[in-house]
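Here the structure is laid out as structure tokens; the discussion comes afterwards.
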Amino acid sequence: MSDSKASSGSGKMWGGRFSESTAASVESFSASIQYDSRLYRHDIMGSKAHARMLAQQKLISAEEGEAIVQGLDAIQAEIEAGRFVFRPELEDIHMNIEKALTERIGEAGARLHTGRSRNDQINLDLRLYLRDECDGLDTLLIDLQRVFAQLARRYLGAVMPGYTHLQRAQPVLLSHHLLAYVSMFGRDRDRLKDCRKRINVLPLGAAALAGTGLPIDRAMVARELGFASVSDNSMDTTADRDFVLETLFCLNLIQIHLSRLSEELVLWSSKEFDFIRIGDRYCTGSSLMPQKKNPDIPELVRGKSGRVTGALMALLMTVKGLPLTYNRDLQEDKEPLFDALDTVKASLAITSEMLSHTEFNKERLRAATTGGFMTATDLADYLVSKNLPFRQAHGVAGRIVARCQEIACELNELTLEEMQSFSPLIEEDIYARLSIEGSVNSRTSVGGTARSRVEEALGSVEQQLGIHI
Ligand code: ARG
């Protein structure tokens with residue numbers, strides 16, 4: 001690319017000290033407007049608050065302040081109507097808007113950047129943007145929790161095997177399994193709420209890195225923009241991307257949770273399990289095998305966790321070797337962040353939609369609770385209730401399981417006499433304990449799978465989520 005293609009240095013907002021124009025290759029390599037244009041609304045919101053503060057502090061006149069605010073509103077309307085032309089030679093969203101403002105209102109526009117730098121401005125835009133994104137994610141997480149709670153209500157009473165090591169372990173209520181996801185995504189909501197506290201701090205006023213000598217009023221800007229506090233050290237402020245990394249971590253854990261769920265959905269929709277039927281509208285067929293119905297949606301959600309984790313790793317590595325304060329490397333925070341946000345939001349939405357079109361096969365779930373001696377722990381617990389030390393009880397139950405395997409029968413198909421030959425402590429009431437319902441309903445510890453506990457848990461989840469039944 002020859003220098004003749006380069007644009008005029010005097011055209012740049014920072015062009016004063018330059019005698020040569022910027023190489024076209026440099027312009028295209030360094031521009032961020034292709035992706036940071038999505039910050040336009042928050043950039044304008046921040047600039048309006050800044051302009052009002054400048055006017056209040058008499059750093060600009062009241063009329064200039066008013067002209068800036070109106071000009072910015074007009075630009076926002078133009079962007080939203082799709083009439084605004086973003087110019088790559090103006091690098092980023094900040095300079096595209098500031099240039100358009102100056103072209104529109106003249107000298108007042110040229111006063112907007114008083115007492116601020118793009119270094120604190122980009123930090124501000126990201127914080128304003130991420131506050132909204134956290135709120136949007138919370139809504140999506142609530143939607144997903146609601147779908148789980150509705151399924152838990154609909155299938156209350158259905159039993160299924162609970163697994164450890166993907167081996168049938170103990171019988172549980174399907175609703176208990178479903179409510180596990182409500183808890184999991186509830187932690188994701190808490191984590192975002194906590195992360196939002198650190199996002200919700202005003203960075204503007206840190207200026208380029210050292211603060212400013214102009215009499216700005218940071219507290220006023222914080223109030224205008226709804227920030228809970230004002231950042232302290234200006235150098236830390238302009239260098240800081242912790243809040244972006246934290247958000248990326250929160251997004252990661254959400255996507256990883258969705259991926260674990262997806263893994264179950266893929267397994268459960270296989271012929272081998274046959275526990276669920278995902279609605280036809282949420283599956284695809286094979287172009288070769290006419291009989292196929294594939295769970296592509298959970299597979300894609302599971303697959304997309306790779307790129308979300310990649311985004312976190314990318315920004316960690318970008319920040320790793322950076323000295324204080326702002327370095328242009330930090331511009332590399334946006335693409336991974338935006339991609340992770342888009343991916344997680346789309347994954348949450350499609351998962352909720354698909355799950356609300358998913359049916360559980362109660363008969364298959366129940367059938368899967370037989371054949372695995374899943375009530376062997378109940379047998380041991382029964383002996384413990386007869387005062388046998390747990391280790392010995394475990395041994396007795398193990399020997400009874402071995403016997404059942406030998407003669408190919410279920411635990412509750414053994415005669416009382418046969419069971420008593422392993423331990424005289426066993427009595428007639430053992431059979432109630434060895435039934436699937438008996439086993440499930442005996443697990444009344446807090447957080448356990450007994451129907452009474454699950455009903456209690458479901459009730460409180462429904463209340464929290466504002467579900468009226
Ligand atoms: N586009 C830049 C970014 O995203 C904005 C800040 C640029 N500041 C600077 N002094 N070059 O990080």
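One-based numbering along the sequence shown. Below, all heavy atoms of this structure are taken into account, side chains as well, without hydrogens, waters or symmetry copies.
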### Message
Under a 3.5 Å cutoff, is there a donor and acceptor pairing between the side chains of H50 and Q121?
### Response
no

### Task
Compare all side-chain heavy atoms of T343 with those of L251 and state whether any distance is below 4.5 angstrom.
no

### Test: D132 and R41 ion pair at under 4.0 Å
yes

### Query
Any side-chain heavy-atom pair from R260 and E263 closer than 4.5 angstrom?
no

### Message
Testing L411, N412, I430 one by one against M419 for a side-chain contact (heavy atoms from CB on, under 4.5 Å), which residue passes?
### Response
I430

Counting only pairs under 3.5 Å, give me each side-chain donor-acceptor contact of residues 154-166, with atom names and distances, residues two or more places apart or in other chains.
| from | atom 1 | to | atom 2 | distance (Å) |
| --- | --- | --- | --- | --- |
| R154 | NH2 | E359 | OE2 | 3.2 |
| Y155 | OH | F360 | N | 3.0 |

### Task
Check step by step if side chain to side chain donor-acceptor pair (under 3.5 Å) holds for S231 and R218.
CA-CA 9 Å; S231 69; R218 299 188 68 197; 2.9 Å; yes

### Query
Are there more than 12 heavy atoms of other residues, nucleotides or ligands under 6.0 Å from atom NZ of K362?
no

### Task
Look only at the side chain of E413 and the backbone of E410, and say whether a donor-acceptor pair between them is shorter than 3.5 Å.
yes

### Query
Do the non-hydrogen side-chain atoms of D240 and P203 ever get within less than 4.5 Å of each other?
no

### Pairing residues for M313 by the side-chain contact (heavy atoms from CB on, under 4.5 Å) criterion, not counting sequence neighbours
T309, L316

### Task
Could you check if a side-chain atom of D242 sits within less than 4.5 angstrom of a side-chain atom of R198, using non-hydrogen atoms only?
no

### Query
Do E80 and Y40 pass the side chain to side chain donor-acceptor pair (under 3.5 Å) test, and can you show the C-alpha distance, the side-chain angles, and the key distance before you say yes or no?
CA-CA 10 Å; E80 282 165 3; Y40 78 88; 2.6 Å; yes

### Message
Main chain of S234, side chain of T238: is a donor-acceptor contact present, judged purely on distance under 3.5 Å?
### Response
yes

## Note on the structure
Nearest heavy-atom approach of T247 to L130 is OG1-CD1, 3.8 Å

### Message
Taking R196 first and then D138, would you say they form a salt bridge - that is, a charged N and a carboxylate O separated by under 4.0 Å?
### Response
no

### Query
Quick check: does any side chain N or O of D329 sit under 3.5 Å from a backbone N or O of E332, one acting as donor and the other as acceptor?
no

### Task
Say whether R307 and Q255, considering side chains only, have a donor N or O and an acceptor N or O under 3.5 Å apart.
no

### Message
Taking R443 first and then D378, would you say they form a salt bridge - that is, a charged N and a carboxylate O separated by under 4.0 Å?
### Response
yes

### Task
Not counting sequence neighbours, which residues clear side-chain contact (heavy atoms from CB on, under 4.5 Å) with S423? List them please.
L383, V396, L425, I426

#### Entry: Candidates D339, L140, I254 - the one meeting side-chain contact (heavy atoms from CB on, under 4.5 Å) with V344
I254

### Query
Would you say the side chain of L414 lies within less than 4.5 Å of the side chain of C404, judging by non-hydrogen atoms?
yes

### Close side-chain approach of N361 and F275, heavy atoms under 4.5 Å
no

### Task
Check for a donor-acceptor pair, side chain of Y326 on one end and backbone N or O of D120 on the other, with a separation under 3.5 Å.
no

### Query
Under 6.0 Å from the CZ atom of R131, do we count more than 12 heavy atoms belonging to anything else shown?
yes

### Message
Treating N96 as the side-chain partner and D92 as the backbone partner, does any N or O pair qualify as donor plus acceptor under 3.5 Å?
### Response
yes

### Task
For L72 and L101, work out which heavy atoms get closest and say how close.
N-CD1, 3.8 Å

### Query
Taking NZ, NE, NH1 and NH2 as the nitrogens, is one of them in R191 or E246 under 4.0 Å from a carboxylate oxygen of the other?
no

#### Entry: Side-chain heavy-atom pair L341, L137 within 4.5 angstrom cut-off
yes

### Task
Output, in order, the C-alpha distance, side-chain angles, deciding distance and verdict of salt bridge (charged side-chain N to carboxylate O under 4.0 Å, His left out) for R366 and E437.
CA-CA 10 Å; R366 172 173 286 277; E437 259 75 14; 2.5 Å; yes

### Query
Would you say the side-chain atoms of S356 and R146 include a donor-acceptor pair closer than 3.5 Å?
no

### Query
Do R453 and E456 meet the salt-bridge criterion of a basic N to acidic O distance under 4.0 Å?
yes

### Message
For the CZ atom on R364, are there more than 12 heavy atoms of other groups (residues, nucleotides or ligands in this structure) within a distance under 6.0 Å?
### Response
yes

### Task
Test E91 against R118 for salt bridge (charged side-chain N to carboxylate O under 4.0 Å, His left out), laying out the working first.
CA-CA 12 Å; E91 276 181 42; R118 279 186 296 154; 3.1 Å; yes

### Query
Looking only at heavy atoms, what is the nearest atom pair of I256 and S305, with distance?
CD1-CB, 4.0 Å

### Message
Tell me the closest heavy-atom pair linking N233 and M235, and the distance in Å.
### Response
OD1-N, 2.7 Å

### Donor-acceptor contact below 3.5 Å, side chain S439 vs main chain S435
no

### Message
Would you say Y382 and D429 are linked by a side-chain donor-acceptor pair, where the criterion is simply a distance under 3.5 Å?
### Response
yes

### Task
Could you note down all residue pairs passing ring pair (Phe, Tyr, Trp, His ring centres under 6.0 Å) where residues 336-357 supplies at least one of them, sequence neighbours left out?
Y129-F338, Y282-H357

### Summary
residues 288-299 vs salt bridge (Lys or Arg N to Asp or Glu O under 4.0 Å), sequence neighbours excluded, gives D280-K293

### Task
Report yes or no: does R168 contribute a side-chain atom to a donor-acceptor pair with the main-chain N or O of M374 at less than 3.5 Å?
no

### Message
Suppose the criterion is ring pair (Phe, Tyr, Trp, His ring centres under 6.0 Å): which pairs have a residue in residues 220-254, not counting sequence neighbours?
### Response
none

### Query
Between D381 and K386, is there a side-chain N and carboxylate O pair less than 4.0 Å apart?
no

### R451 with E455: basic N within carboxylate O range, under 4.0 Å
yes

### Message
Assess whether a salt bridge exists between D194 and K197, defined as any Lys/Arg side-chain N lying under 4.0 Å from an Asp/Glu carboxylate O.
### Response
yes

### Message
Other residues, nucleotides and ligands only: do more than 12 of their heavy atoms fall within 6.0 Å of CZ on R328?
### Response
yes

### Query
What heavy-atom pair brings L204 and V221 nearest, and what distance separates the two atoms?
CD2-CG1, 4.3 Å

### Query
Does one side chain, of T377 or Q170, offer a donor that lies under 3.5 Å from an acceptor on the other?
yes

### Query
What pair of heavy atoms forms the shortest contact from L248 to P336, and how long is it?
CD2-O, 4.2 Å

